[in-house]
Number of protein chains: 2
Amino acid sequence: MITKEIEITKTANPELQATVQSRLDNLTKPPGSLGRLEAFAMQYCLCRGDADAKIPRKSLKIFAGDHGITAQGVAPFPKEVTVQMVHNMLGGGAAVVVMCKAAGVDYRVIDMGVDGDFDSHDLLVCKKVNRGTQSFHSDCAMSREECDSALSAGIEIALKEESDITAVGEMGIGNTSSASALYALLLGVDGTSTVGMGTGAVGELYERKCRVIDEAVNFHRENWDGSPVDALRRVGGFEIAAMTGYIIGCAQKRIPVVIDGFIATASALCAVKMEPMVLDYLFFGHVSDEQFHRSVLDSLGVKPILELGMRLGEGTGAVLAMQIIEQALNCYHDMATFASAGVSEK
Amino acid sequence: MITKEIEITKTANPELQATVQSRLDNLTKPPGSLGRLEAFAMQYCLCRGDADAKIPRKSLKIFAGDHGITAQGVAPFPKEVTVQMVHNMLGGGAAVVVMCKAAGVDYRVIDMGVDGDFDSHDLLVCKKVNRGTQSFHSDCAMSREECDSALSAGIEIALKEESDITAVGEMGIGNTSSASALYALLLGVDGTSTVGMGTGAVGELYERKCRVIDEAVNFHRENWDGSPVDALRRVGGFEIAAMTGYIIGCAQKRIPVVIDGFIATASALCAVKMEPMVLDYLFFGHVSDEQFHRSVLDSLGVKPILELGMRLGEGTGAVLAMQIIEQALNCYHDMATFASAGVSEK
């Protein structure tokens with residue numbers, strides 16, 4: 001088992017919680033009036049195990065991979081767009097990169113399995129497992145070895161991570177199909193109910209996507225061993241497996257992870273199914289416009305930070321949410337107390 | 001009439017809209033996949049009347065004033081907290097100031113009617129109309145002259161405004177009571193239905209607040225002339241009237257205004273009732289935890305950017321929302337196009 005050496009520390013700590021709460025309540029504001037920002041500061045400190053925890057270093061990892069399922073015609077964009085968009089990320093033209101630069105977030109693109117070659121680049125980490133997965137329509141997306149390699153690569157990157165908060169995003173034409181199939185298996189629902197428009201599947205294309213996912217899920221459900229790893233291997237993707245490993249590894253290192261949208265949440269769900277205590281280390285950045293995402297967040301019992309109708313992926317929602325979490329910590333550390341500012345209490 | 005010389009330019013402009021939409025659709029993302037961020041970029045460009053509009057300069061104006069209604073025991077904090085919190089803002093210890101510094105927002109505190117004296121300070125603008133309003137329980141909060149002065153001061157500050165986007169926040173113990181009464185008059189609803197906990201009115205205090213507002217609204221409703229200015233004079237506050245003027249003046253200058261929470265929205269409602277075209281220039285930063293706020297936003301037909309359970313005021317929700325709007329414009333300007341990045345289209 002790939003995660004056998006992983007041990008996640010429980011974040012619950014009544015003493016630390018009381019210390020943080022007391023600080024929050026002494027800040028010059030009515031108690032609780034910063035709403036969820038106070039909860040973000042609390043969760044962050046509990047994750048770090050430190051009432052003085054700050055966020056000097058923020059990072060985003062964008063995991064990229066290609067998907068054999070695109071051969072079934074489930075995506076409106078050609079699969080070449082994956083490699084093109086990796087170039088666009090390295091060149092600074094992708095949405096998430098624009099956002100990272102403005103927000104001071106250190107980003108890296110991890111090639112987990114793009115069907116293309118890249119020159120070496122400061123912002124690119126090559127962990128290519130294969131040039132795209134097999135179509136999971138009637139075969140497994142990955143071999144056991146490939147799936148283990150992808151998971152391990154994610155964990156390995158996490159164990160070297162040096163930021164104080166991190167986020168995950170992805171790029172991979174066809175990966176909403178993988179995420180939908182994962183949700184169907186892991187949550188035990190119909191394949192069709194988990195399918196959304198992805199990058200723009202409407203009309204006939206949407207119907208085909210539904211049919212393909214439904215057939216694939218029915219095919220795999222029969223032989224699935226019930227584990228998240230086997231689900232990943234059957235219908236996942238290299239980038240989805242690597243994100244799963246990265247999330248688990250970051251939780252082990254007590255680095256909170258901001259989860260992006262529909263696809264990143266599939267990795268989060270796999271990670272939580274593998275190691276339930278991981279959940280305490282996660283912030284859910286936004287609820288995607290991809291229709292089934294809200295149901296998944298509900299099933300995890302979590303509330304997204306933002307709801308802006310976004311459905312781009314890449315980590316865009318996570319980066320925006322990270323700015324909010326950062327402001328929550330700024331308030332926690334830099335606001336005056338009633339005593340220091342000479343402000344009267346109730 | 002105080003706003004007789006004001007002329008608001010219609011933002012609707014089909015040609016400009018088509019230009020902006022075409023740029024948005026050529027960016028390297030599925031069309032519409034940045035969700036409301038695309039709408040923010042569109043609204044911003046339409047407000048500025050410029051498809052190339054950027055946001056180099058962001059500002060926040062925090063309007064402060066005291067309220068005679070506090071004599072009726074409607075707020076859990078003593079009224080001295082208004083002057084203390086102005087000092088705290090100038091000293092850098094208030095939540096909104098911490099947020100502004102991190103977000104690169106230029107902020108100023110405007111003393112519209114605080115019952116206290118301040119030494120001169122770079123960040124403080126003195127426009128004091130009086131040392132607090134009269135209690136509006138059974139009298140008008142302001143004289144006609146005072147209300148006109150406060151409105152004019154707001155307009156005057158706006159006409160000197162040089163930022164590319166601005167936000168409004170406030171400080172004034174008792175001002176949720178004023179806002180509740182304004183909503184009751186302007187929206188024709190029961191006083192009690194508009195009352196929330198403010199800075200923390202619960203139990204007996206909450207019941208007293210409801211009773212006081214209800215009595216005051218019933219008293220004023222009889223003689224109210226139906227105009228927003230008369231409503232402001234009767235139950236408003238110096239800072240609420242000044243924000244109203246500032247919003248109108250900024251709209252005239254085509255500077256978009258990000259509205260904060262429950263109290264700032266009362267000013268926005270007054271401004272829109274005075275000059276309906278103002279609405280196009282407004283972004284509603286967040287929905288407050290103050291219960292009636294959502295109903296007001298619904299009645300204006302607008303959707304808040306954030307929903308984080310905040311109820312602090314000062315401009316805190318508006319500053320967070322401004323960071324999102326800024327990222328929307330960053331994407332609009334700095335993302336590559338399909339052509340420039342060599343990314344295949346659908």
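The chains referred to below are lettered A, B, ... by the order of the sequence lines, with proteins before strands, and numbering in each begins at 1.
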Check your understanding: Is A/Arg208 atom CZ crowded by more than 12 heavy atoms from other residues, nucleotides or ligands, each under 6.0 Å away?
Key -> yes
Check your understanding: Between B/Val97, B/Val98, B/Val83, which residue shows the highest count of heavy-atom pairs closer than 4.5 Å to chain A?
Key -> B/Val98
Study note, to complete from the structure: Honestly, the part of A/Ile305 sitting under 4.5 Å from a heavy atom of chain B is both
**Study point:** Heavy-atom pair count under 4.5 Å with chain B, highest-scoring of A/Met85, A/Gln323, A/Arg311
**Key:** A/Arg311
Point to revise | Interface residue of largest heavy-atom contact number with chain A, from B/Leu37, B/Leu27, B/Thr337, B/Thr316, under 4.5 Å | key: B/Leu37
Check your understanding: Top residue by heavy-atom pair count (under 4.5 Å) with chain A, among B/Ala75, B/Gly93, B/Gly35, B/Gly317?
Key -> B/Gly93
Check your understanding: For chain A, which of B/Glu38, B/Arg36, B/Lys346, B/His333 has the most heavy-atom pairs under 4.5 Å?
Key -> B/Lys346
Exercise for review: For the residue pair B/His67 and B/Ser178, establish whether any side-chain heavy-atom pair is separated by less than 4.5 Å.
Suggested key: yes
Point to revise | Residue part contacting chain B, namely of A/Ala103, when any heavy atom lies under 4.5 Å | key: both
Review point. Below 4.0 angstrom, N of the basic side chain to O of the carboxylate: do B/Lys54 and B/Asp164 qualify?
Key: no
Point to revise | Any donor-acceptor N or O pair under 3.5 Å, side chains A/Asp66, A/Thr82 | key: yes
**Study point:** Option that, when pairs with chain B are counted at under 4.5 Å, heavy atom only, ranks first among A/Leu320, A/Ile324, A/Asn88
**Key:** A/Asn88
Revision key, fill the gap. Per-residue tally against chain A (heavy atom, under 4.5 Å) across B/Gly198, B/Ser344, B/Pro31, B/Gly309 peaks at B/Ser344
Point to revise | Pair B/Ser180, B/Ser177: side-chain N/O donor-acceptor within cut-off below 3.5 Å | key: no
Review point. Relative to chain B, which segment of A/Asp289 carries a heavy atom at a distance below 4.5 Å: side chain, backbone, both, or neither?
Key: neither
Revision key, fill the gap. Of A/Gln84, A/Glu326, A/Glu80, A/Glu345, the largest count of non-hydrogen pairs under 4.5 angstrom with chain B goes to A/Gln84
Check your understanding: Where is the tightest heavy-atom contact between B/Thr265 and B/Gly261, given as atom of each residue plus distance?
Key -> OG1-O, 2.6 Å
**Study point:** Among A/Val319, A/Asn330, A/Leu34, residue most engaged with chain B (heavy-atom pairs, under 4.5 Å)
**Key:** A/Leu34
Exercise for review: Just give me the residue among A/Ala102, A/Pro30, A/Ser33 that pairs up with chain B most often, heavy atom to heavy atom, under 4.5 Å.
Suggested key: A/Ser33
Exercise for review: Count the heavy atoms of every other residue, nucleotide or ligand shown that sit under 6.0 Å from CZ of A/Arg294, and state whether that count exceeds 12.
Suggested key: no
Check your understanding: Below 4.0 angstrom, N of the basic side chain to O of the carboxylate: do B/Lys101 and B/Asp106 qualify?
Key -> no
Review point. Checking heavy atoms, do the side chain of A/Phe338, its backbone, both or neither come under 4.5 Å from chain B?
Key: side chain
Check your understanding: Hey, are A/Gln21 and A/Asp25 close enough side-chain-wise for a donor-acceptor pair under 3.5 Å?
Key -> yes
Exercise for review: Indicate whether any N or O donor in one side chain lies under 3.5 Å from an N or O acceptor in the other, for B/Lys209 and B/Thr176.
Suggested key: yes
Exercise for review: With a 4.5 angstrom heavy-atom cut-off, could you sort out which part of A/Ala94 is near chain B: side chain, backbone, both or neither?
Suggested key: backbone
Practice item. For each of A/Ser288, A/Gly32, A/Ala336, tally heavy-atom pairs with chain B at distances under 4.5 Å, and name the one with the top tally. Key: A/Ala336
Review point. Nearest 0.5 Å, what's the CG-CZ distance between A/Asp298 and A/Phe292?
Key: 9.5 Å
Revision key, fill the gap. Honestly, the part of A/Leu306 sitting under 4.5 Å from a heavy atom of chain B is side chain
